[in-house]
Amino acid sequence: MESPNETVALAGNPNAGKTTLFNALCGASAKVGNYGGVTVEVKKGEFFTPHGRRLELIDLPGTFSLEGGSPDQQLASEVLSGRHEGHSRPDLVVCVLDASNLERHLQLALEILELGIPAIVALNMVDVAEKAGLRLDPVKLSEELGVPVVPIQANRGKGLTELKQAMRHPFPAAPEVVHWDKDNAESRRAFGLKTAELAARRATLHSTNLSDRLDAVLLHPVFGWVCFIAIMFALFWSIFSFAGIPMGWIESLQESLTGAVETRMAEGDLRDLLTQGIIGGVGAVVIFLPQILLLFFFIGLLESSGYMARAAFLMDGVMGRAGLSGKAFLPLLSSYACAIPGVMATRTIDSAKERLVTIFVAPWMSCSARLPVYLLLVPMLLGGSEGGATQALVFLAIYVLGTLTAFVVARILRGRLGPDEVKSHFLLELPPYRLPQWSYIFRHVLERGWSFLRKAGTFILALMILLWAATTYPKLESDDPAEVMAHTVVGRISDFIEPVVKPLGFDGRTGTAILTSFAAREVFVGSMAQLFRVEVAEGEEEQETRAHIRERLSAETWADGRPMFGPAAVISLLIFYVYALQCLPTSAVVAREAGSWKWAVGQFFFMMVFAVLASLIVYQGARLFGLA
Amino acid sequence: MSHQAVKELELDSLQSLSQAQVGCDFMIRALDGPECDRLRNLGFCETLQVRKLANGRNLICSVCGTRLAVSSELAEQIKVTPVSPS
């Protein structure tokens, strides 16, 4: 099929619903949220008009004006004016306006109309505007602007057919600017305000609504913080306690699979590969699927409801102590799910120096790939049992540790970079609270889950097979398992690296598992299962895989009889994973966003050295106090 | 007295949004400071009404039905006069 040769761009203020419209038109599932600045790069899709014409649709980041602004906003302006290298000037612009905010949103629409590109106005969220008591007059608006105006409700798919009809060929002629002076911002502003008054008459200027009442509590200097802490605790509690139920189902499935293979196959290398390498190794990672799904579900819920912007508002004071602003909170919170979207979300930060600092510390927000490691290790500190409020508190402490360190480093770095040339101020739109878009949230959560499973089924599977081979060959005919292990490739690697990792409290096998987790952190659990030869016994119902690994690890001792995984070693291991940057894709995105590989390489080595030193201090300190 | 001096005197006599009382409606009369254009793009235009909702390091206000959190330093650049309840 030939590629479409005409491009339609969606442009508008932040949080006008451009991406929701993009998803509705293209059947895509690009990230949406109820706050400004979710889209930070140009997204492309395709759709058909009712006449069967295929058009390319580009979704631009939201911007308040075509002049200045943060990097994401400048990108929108460059594409629209044809100054962007990667994109040609669009053939048609759909100005997406929030109908309840015409006074503000029309200003950008007028700037776009001045560019001389054929344009259509999509008057979005007409339901919200009407509920707020606005009397909309799209016909009057169309007459004043000289372009077609289509009322829509992008989240419910209403008005899309009419919008597509308006995009039929030939495109509407480029509007002529006759009502205001192009070169005079004051004249444009006055025309915008007058037109908004004509096309969207407000019954009352300020009436207290549900969002106001909710904000009175959620942004209250005391109750706001109580609610914020309660929401964050509920988030962590559900991830680390409630997820146990679906995890039990995955475990049962894994055990029955192992049982089925063991009863049907004769003993040998192939059976070992299937049970230990594939089912044991990959299964040890897949088990964390429920937690990862829950994390993305809660973050989706916060983004979709409008609470994210409130959290940024509350956190501005705290972030200020770290030399950052409340705007840096959104990228940092996203980094708890994954540092990559977090680093990209820093584009909404106006100050270039603050942006660099936020990028630098974002990987210290414990991402979902670290979850499996924490879930394996934390119960070892709590006597082996999983679940409960104590565990949730320990997890919270781990997350707080990463976050606090990030803040301290951010403050030092921010101080060293010096003040901004142009002082930037905190300015944030607090969108009205909305019911979450459930269909989008579930689709997004399923996509993330599928991407996790795909990674487990391809990359992690391949790594597990390699690791199994490295822990099996070359073979030695001996009855002593330690001797057999020492003869294998991994045994030799372990011997080699043991002197390096021993001061941190780890033996060569744990060191090897850490090495393998540089490919992907979550591999650590599967690697530990393989390296310590953890077997899932047949018929052991409800016996958890992690419990097997933990039992095996707890029984491990050093040559002098000391337990290998005492509290000091476990804490040292946890500290290492909190601080180490073991994610190549994150480094690649950091290099792109910071505009230099130097930042990415510097960040990698800084975090690595920091992790090793922190582990060393913790373990050796514990030894001094006789805790190791 | 020069036109500029009259304007400055007029600006001085106006109160800023950060000084304004919470819960009241105000009319934006002037924007005075380096961030004027940015504020106008965000909807803080002269002649529009604004309601101040909360004080603090960042204050909350409502312009054209949109709630905005604005740093108090920035709010200092928004000059307002009270709107008498009709």
Side-chain angles (χ1 to χ4, degrees), chain A residues 13 15 63-69 73 98 100-105 107-108 111 128-129 132-134 185-186 189-190 192-193 196 200 202 204-209 211-212 215-216 219-221 306 309-310 312-314 316-317 320 325-326 350 422-432, chain B residues 7 16-18 20-78 80-86:
Chain A
N13 282 42
N15 210 28
T63 179
F64 293 107
S65 167
L66 295 182
E67 285 163 24
Q73 300 188 5
D98 176 354
S100 60
N101 271 304
L102 268 192
E103 294 93 337
R104 298 172 59 228
H105 287 219
Q107 300 300 333
L108 174 71
E111 279 190 62
V128 179
L134 261 84
E186 195 52 50
R189 201 166 294 123
L193 290 177
R202 288 179 190 276
T204 50
L205 266 171
H206 296 291
S207 54
T208 309
N209 55 25
S211 288
D212 290 318
D215 273 347
L219 297 181
H220 189 273
R310 272 75 185 179
F313 171 83
L314 282 174
D316 184 58
S325 77
D350 298 305
V422 181
K423 192 170 173 16
S424 57
H425 297 277
F426 184 77
L427 220 164
L428 187 73
E429 185 176 335
L430 301 171
Chain B
K7 207 178 158 191
S16 71
L17 188 60
S18 56
Q21 200 183 340
V22 173
C24 298
D25 290 331
F26 299 90
M27 165 97 65
I28 302 172
R29 300 306 295 262
L31 297 171
D32 179 33
E35 300 274 345
C36 287
D37 288 337
R38 191 163 165 229
L39 285 166
R40 286 197 184 100
N41 288 334
L42 281 159
F44 288 99
C45 299
E46 288 90 344
T47 71
L48 281 185
Q49 281 200 22
V50 55
R51 172 175 282 191
K52 188 167 174 184
L53 298 168
N55 252 327
R57 171 190 160 100
N58 297 311
L59 52 89
I60 305 173
C61 58
S62 164
V63 189
C64 311
T66 306
R67 262 178 306 278
L68 289 161
V70 187
S71 78
S72 52
E73 279 177 63
L74 206 53
E76 199 59 47
Q77 300 178 20
I78 306 168
V80 295
T81 50
V83 175
S84 51
S86 50

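Here is how names work: the chains are called A, B, and so on, in the same order as the sequence lines, proteins then strands, and each is numbered from 1.
Per-residue heavy-atom pair counts under 4.5 Å with chain B were compared for A:A185, A:P221, A:S211, and the maximum is reached by A:S211. Top candidate by heavy-atom pairs under 4.5 Å with chain A, chosen from B:P34, B:A69, B:A54, B:A75, is B:A69.
Side chains of B:C45 and A:L193 form a contact here, defined as non-hydrogen atoms less than 4.5 Å apart. When side chains are defined from C-beta on, B:L68 does not count as touching A:L428, because their heavy atoms never get closer than 4.5 Å. In this structure, the side chains of B:N58 and A:F313 come closer than 4.5 Å at one or more pairs of heavy atoms.
Contacts of B:T47 with chain A are made by side-chain atoms alone, with heavy-atom separations under 4.5 Å and no backbone atom involved. The part of A:L219 that comes within reach of chain B is its side chain, from C-beta onward, which places non-hydrogen atoms under 4.5 angstrom from that chain. Proximity to chain B (any heavy atom under 4.5 Å) is shown, for A:L108, by neither the backbone nor the side chain. Heavy atoms closer than 4.5 Å to chain B are found nowhere in A:S325, neither backbone nor side chain.
The distance from atom CZ of B:R40 to atom CD of A:Q107, rounded to the nearest 0.5 Å, is 10.5 Å.
For A:D215, the salt bridge (Lys or Arg N to Asp or Glu O under 4.0 Å) partners two or more places apart in sequence, or in a different chain, are A:R310, B:R67. In this view, B:E73 and A:K423 satisfy the salt bridge (Lys or Arg N to Asp or Glu O under 4.0 Å) rule, not counting sequence neighbours.
The local environment of CD in A:E67 is sparse, with at most 12 non-hydrogen atoms from other residues, nucleotides or ligands closer than 6.0 Å.
Of all non-hydrogen atoms in B:R57 and A:G317, the two that sit nearest each other are NE-CA, 3.8 Å.
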